[in-house]
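Just so you know, these numbers come straight off a predicted model, no measurement behind them. First listed ligand is number 1; within each ligand, the first listed atom is number 1.
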Amino acid sequence: MSELSVKHLLGIKYLNKKDIELIFETADHFKEVINRSIKKVPTLRDTTIANIFFENSTRTKLSFELAEKRLSADVINFSASQSSVKKGETLIDTVNNILSMKVDMVIMRHPNPGAGIFLSKHVNASIINAGDGAHEHPTQALLDSYSIREKLGDVQGKNIVIVGDVLHSRVALSNIFALKLQGAKVKVCGPKTLIPKHIESLGVEVETNLIKALEWCDVANMLRVQNERMDISYFPSTREYTQQFGINRKLLDSLNKEIVIMHPGPINRGVEITSDVADSDQSIILEQVENGVAIRMAVIYLLASKIK
Ligand code: CP
C-alpha cells in the first residue's frame, strides 16, 4: 500500500510529488463519499484528534472538524482564548496535557511561523499545520491545487499568478511549493513592498503589472491584504491598492480569454476582488472550500494510517 513520506504535515516544503498525487487520489475517493446520502465512513473510529487553534479561523477549523467527523474520529476542540494558555501555560505543556487524554493527532493553527515544526520535535503525536503565521498553510495549498486539477484537468503546465499581499501570506508560500512540485509556471503580482525579496529563488517570476499578469495566466489566486500582520503602511491607500491590484468584471472582460479566479478566503469584497467577480461562474472560491473537506479527510486518513 502507498503511504506518505512524512509522519506530520508541517508544510508542503517537506512533501514530494508522489505524496501530493497520493493525497489527491485519496481525496477523490473521499469526495465521492461526502457526496453520498450517508456522508460518513467508520475508518477512524479508534482515533482521537484535537483541533487546537491559537488564531481565528472559519473555513480551516470547520473543514478539519467536519473531515474528522466524516471519518468517525473522536474530536476535541481547543480555543486558546478560553484556555489556561491565558494563565501562562506553555505550548508544550498545553499539548502534552491534551495528549495525556489519549489523543492521537493534533491539528494546530498558531500565529508563530514554525510553531508546528517546534511542537513535532517535543510531543509524541502526529501534527498537522493548519497555518503558522506567515509561513505555511499546507492543506490550503493542497485544496487549491486539487481545485485547479478538478477545473482544468491538470496542474502541470498551467500558468498560475498569485496576486496581492504575498509578503504576509502563508497561502502564497505553500502554493508556490505545491504548484512548482506539480510542474506549474508561477508568477507573483503585487506592490513591490508586498513581494518578498529574493522570491525568484523559489522558481517564480515577479510581475508588478496586473493586466500583464492576467493576460499570461490560466488561474489568478487573489490574496487578502493582511492588515492584522502589518505594523507599517505598505501602500498609500486601500483605494489605490484596489485600483492597481484589485480585480473587477470590467478588467476580466477586457482580457482575450476566460481565466479561473481563486481566493483562499476570507474575502475583502471591493478591495482585492469585487462581488461581481467573486460570485461569478469564473470563480471557484466555494469549490475550494468544498474540496477542503475531502483533502483534509485524505491527509488525516493517510497520517493516521502511519501511527497505527
Ligand atoms: N483560508 C483560510 O485559512 O481561512 P480561515 O482563516 O477562515 O481558516
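Under the 6.0 Å distance and 45° angle rule, R109 does not count as a cation-pi partner of F53.
Remark: ligand 1 atoms within the under-4.0 Å shell around heavy atoms of Q140 are 1 (N), 2 (C). Below 4.0 Å from some heavy atom of T60 lie the following atoms of ligand 1, by number and element: 2 (C), 3 (O), 4 (O), 5 (P), 8 (O). Close approach of ligand 1 to G265 (heavy-atom distance below 4.0 Å) involves ligand atoms 1 (N), 2 (C), 4 (O). Which parts of ligand 1 touch T58 is read off a 4.0 Å heavy-atom cut-off, strictly below it: atoms 5 (P), 7 (O), 8 (O).
Linking ILVMFWY side-chain heavy atoms closer than 4.5 Å, directly or via other members, places V289 and I34 in two distinct hydrophobic clusters.
Here the CG atom belonging to D253 is positioned 9.0 Å from the CG atom belonging to N248, to the nearest 0.5 angstrom.
In summary, E205 and K212 do not engage in a salt bridge, as defined by a charged side-chain N under 4.0 Å from a carboxylate O.
Summary of contacts: the protein heavy atom closest to atom 1 (N) of ligand 1 is P264 O, 2.8 Å. Of all protein heavy atoms, the one closest to atom 4 (O) of ligand 1 is R59 NE, 3.0 Å.
In this structure, R109 counts as a contact residue of ligand 1, since one of its heavy atoms falls inside 4.0 Å of the ligand.
When atom types are taken as modelled, the side chain of D218 and the backbone of K158 share no donor-acceptor pair closer than 3.5 angstrom.
Remark: ligand 1 and R170 share no N or O pair separated by less than 3.5 Å (distance only, no angle test). Considering backbone and side-chain N/O atoms, P266 never comes within less than 3.5 Å of an N/O atom of ligand 1.
In this pair, Y301 and F30 present their aromatic rings perpendicular. The plane angle is above 60°, beyond the 30 to 60° band.
By the 6.0 Å contact criterion, NZ on K39 is enclosed, its count of non-hydrogen atoms from other residues, nucleotides or ligands being greater than 12.
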